[in-house]
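Comments concern the structure below.
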Amino acid sequence: MIVANRKTLEEILTMLKPYKKILLLGCNECVTVCATGGEREVGVLASEIKLSRAKEGQEIEVREQTLERQCDHEYIDQVRPFVGDYEAILSIACGAGIQYVAEKYRNKVVLPGVNTTFLGVTLEQGVWSERCQGCGECVLHLTGGVCPIARCAKSLLNGPCGGSSNGKCEVDKELECAWQLIVDRLKELNQMDKYEEIIPIKDWTTSRDGGPRKRIREDLRL
Amino acid sequence: MKTKSNIERILESGQLVVTSECGPPRGADAEVIKKKGKLLQGVVDAVNVTDNQTSVVRMSSLSACLILKEMGFDPILQMVCRDRNRIAIQSDILGAAALGINNILCLTGDHQKFGDHPKAKNVFDMDSIQMIHTVKTMRDEGKFLGGEEIKGKPILFIGAAENPFADPFEIRAARLGKKAKAGVQFLQTQCIYNMARFEKWMEMVRDRGLHERVGILAGVTPFKSVGMARYMKNSVPGMDVPDEMIERLKGVAKEKQSEEGIRICVETIQKLKQIPGVRGIHIMAIEWEEKVREIAEAAGLLPRPELA
Amino acid sequence: MRLSYPTNVKIVKVPCTGRVDILLILKAFESGVDGVYLAGCLEGECHFLRGNLRAKKRVQYVKTLLDEVGLGAGRVEIYNMSSAQGQRFSEVAREMTEKIRALGPSPAKKKVRA
């Protein structure tokens, strides 16, 4: 899923300063699972905003709405009937959702309530961890199913560097060294011969470096 | 491909190579480098010039190399993957060769988190093994990574570093094997304090025959004090300082600790000279260059061979 | 026992403190209360095993939210007591009332328009 973190209330209140009527938009997908931008978080944020404004003696109307997805225009269209009643939209979906809402309502100010951070997994209830950077050229078959691009602080394709110590990364003693994980897994799979092979320099054109990416499936187009 | 590197020539002659390092200053004053250089004259065969070590901004390695070159040294240009993409790396390789630099040390580089600009974006377009391969391709095939032909090949002797004390230990020799396969010719190790582990690593290196393909220079760093030893043990990534070494320093009076540190260093070098496959010593006296001569002298590394 | 407790304490009955959601507490503040406290079972005595422990964590979280909002973390608390501790119940009601009185009225209470 896409994992995001809520911006601080202070940042959000600063962005909202000029407005008295806002539409707060959540999303039922990834940000719901990572407990950042779902219906519950919409409720809590709305309450925080209203309490803060009440404390300052200033009114604010917050309409709470959580869409099935903010990355599909059919769902974004659902707020069209009343979007005109609000001065600004505060979205707590991922960066893709926030932008798509902005794209659909061109004359409306759309504000980000979260910082979108990574593609990851749920390690346990309340704990999420990065796994993928969407580089566009997967090497997991070479690295025992552990991604060196996303999980090594230096994205080394032929690691580990000299900073790997007791399975941890030099950057943070809590952080697992991706190359320790790769070596462990290759051993378990009896594939240590793969470690002996040099992985050649990466073609980054498939990643963000090649410019914004687009995917088309002609057979599905209407 | 023969280079003009002192390291290459001394390795070929079968003699022990001695190198040291010079950290460029945090400013534009060339005198700092010259002063450090003077302390190393006649003591070493080649000098490493660090590349923004520990991610702290300093005078560029290439510029400092040139200053040392003009003083008659054979500098080793250290280059990290952290700050340059493949375009900048290849460009700097050409520039170094054009200025008469004979040696390059290909490094991954410390993470920027440790330096004075932790908010920087890192590059890591390639890793150190891929950098070794890049230099070799440019030099031996006369080609850029993009496949185009190079007019005027960069003739550099290719080095790398390895940390026998990092984990996972069992792949540390295998990783050197990958560096050898990529084309590395000499290797400098992380500072050695844990002799038992280093010997074990050398055994793994010899089992793979890597000591015959790569000139291994064993790294040493003298302790100035017990405080420094403790700091190295606890705060420097990938450093292995055994407790008995700290105990030994603690056992002498404070004002005698630096002397004891030098003594430990000299003893370490003497032991390293006996290990089959060790072809040289790399003395890293961090901001203590004035002691390199004393250490080299006491360890029987002087005089250095005269090269025609 | 016929014990008395301050009349300003309004009781909202829930089957377990584990039922108390973060939003429920926030809504109470939105409606103008000056403080909220949860009276949960003794730790280790939850009929639903961990309800009161979950509530404890949520109260901690709401404290951070109230600090962020500027109402102050002290306006929300959780107390543990058994259903047999009537004395303790009235004691806590007085303690919390005193505490909130010292903090003064909630600054988020709707200000009367002039």
Side-chain angles (χ1 to χ4, degrees), chain A residues 133 135 137 139 142-144 146-188 191-210, chain B residues 54-55 80-82 85-86 89-90 107-114 118 122-134 137 145-146 160-175 177-183 188-191 208 219 234-240:
Chain A
Q133 270 185 11
C135 74
E137 200 201 359
V139 294
L142 303 173
T143 56
V146 177
C147 178
I149 301 296
R151 299 179 71 183
C152 167
K154 300 174 184 173
S155 295
L156 302 181
L157 282 168
N158 296 284
C161 71
S164 178
S165 183
N166 297 315
K168 302 297 177 191
C169 173
E170 68 175 27
V171 168
D172 182 349
K173 283 194 171 115
E174 298 296 306
L175 195 65
E176 283 173 303
C177 166
W179 274 95
Q180 175 78 55
L181 298 176
I182 291 169
V183 168
D184 289 348
R185 190 87 205 291
L186 288 177
K187 273 197 284 187
E188 281 166 24
Q191 291 186 346
M192 274 306 280
D193 51 313
K194 288 199 172 161
Y195 183 78
E196 305 279 339
E197 295 301 318
I198 296 173
I199 300 182
I201 189 165
K202 191 173 173 68
D203 174 356
W204 291 102
T205 54
T206 55
S207 188
R208 184 212 56 83
D209 308 84
Chain B
T54 61
S55 312
V80 299
C81 303
R82 179 190 60 229
N85 69 5
R86 66 192 75 182
I89 286 175
Q90 293 180 95
L107 304 166
T108 304
D110 291 318
H111 195 271
Q112 72 276 9
K113 184 196 164 172
F114 300 102
N122 60 35
V123 182
F124 296 115
D125 183 18
M126 61 174 81
D127 59 32
S128 58
I129 291 175
Q130 292 161 345
M131 197 200 283
I132 293 164
H133 181 73
T134 301
T137 305
L145 289 175
E162 188 55 53
N163 183 1
F165 310 103
D167 293 315
F169 183 60
E170 72 265 33
I171 55 88
R172 285 291 150 187
R175 188 145 190 273
K178 284 166 93 165
K179 288 184 176 177
K181 205 196 275 183
Q188 294 171 322
T189 75
Q190 176 68 285
C191 335
R208 287 172 172 255
N234 301 323
S235 307
V236 182
M239 201 67 79
D240 182 351

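Sequence lines set the chain letters: A, B, ... in the order given, protein chains first and strands last, and positions in each chain run from 1.
Looking at Phe165(B), there are no atoms closer than 4.5 Å to chain A (heavy atoms on both sides), in backbone or side chain. Of the two parts of Lys187(A), only the side chain, counted from C-beta on, holds a non-hydrogen atom closer than 4.5 Å to a non-hydrogen atom of chain B. Proximity to chain B (any heavy atom under 4.5 Å) is restricted, for Val183(A), to the side chain, taken from C-beta onward. Looking at Asp240(B), neither its backbone nor its side chain comes within 4.5 Å of chain A, counting heavy atoms on both sides. Interface remark: Ile129(B) contributes side-chain atoms only to the contact with chain A (heavy atom separation under 4.5 Å).
No other option in Asp127(B), Leu145(B), Asn163(B) has as many heavy-atom pairs under 4.5 Å with chain A as Asp127(B). When the candidates Met192(A), Lys173(A), Glu197(A) are compared by the number of heavy-atom contacts under 4.5 Å with chain B, Glu197(A) comes out ahead. Comparing Asp125(B), Val236(B), Asn122(B) by how many heavy-atom pairs each has under 4.5 Å with chain A, the most go to Asp125(B). Annotation: maximal heavy-atom pairing with chain B below 4.5 Å, among Cys161(A), Gly163(A), Ser155(A), occurs at Cys161(A). Listed options Lys181(B), Gln130(B), His133(B), Glu170(B) were ranked by heavy-atom pairs under 4.5 angstrom with chain A; first place goes to Gln130(B).
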Under the criterion side-chain contact (heavy atoms from CB on, under 4.5 Å), I'd like the reasoning laid out for Ser207(A) against Gln133(A): C-alpha separation, chi angles, the key distance, then a yes or no. CA-CA 9 Å; Ser207(A) 188; Gln133(A) 270 185 11; over 6 Å; no

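In this structure, a donor-acceptor pair under 3.5 Å is present between the side chains of Arg82(B) and Ser55(B).
For Cys177(A), the side-chain contact (heavy atoms from CB on, under 4.5 Å) partners are Pro160(A), Ser164(A), Trp179(A), Gln180(A), not counting sequence neighbours.
Lys202(A) is listed as a side-chain neighbour of Cys135(A), based on a closest heavy-atom distance under 4.5 Å. Side chains of Thr108(B) and Phe124(B) form a contact here, defined as non-hydrogen atoms less than 4.5 Å apart.
Ion pairing of Glu162(B) with Lys178(B) is absent here, as no side-chain N (NZ or NE/NH1/NH2) approaches a carboxylate O to less than 4.0 Å.
Taken from OG1 in Thr134(B) to CD1 in Ile89(B), the straight-line distance is 7.0 Å, to the nearest 0.5 Å.
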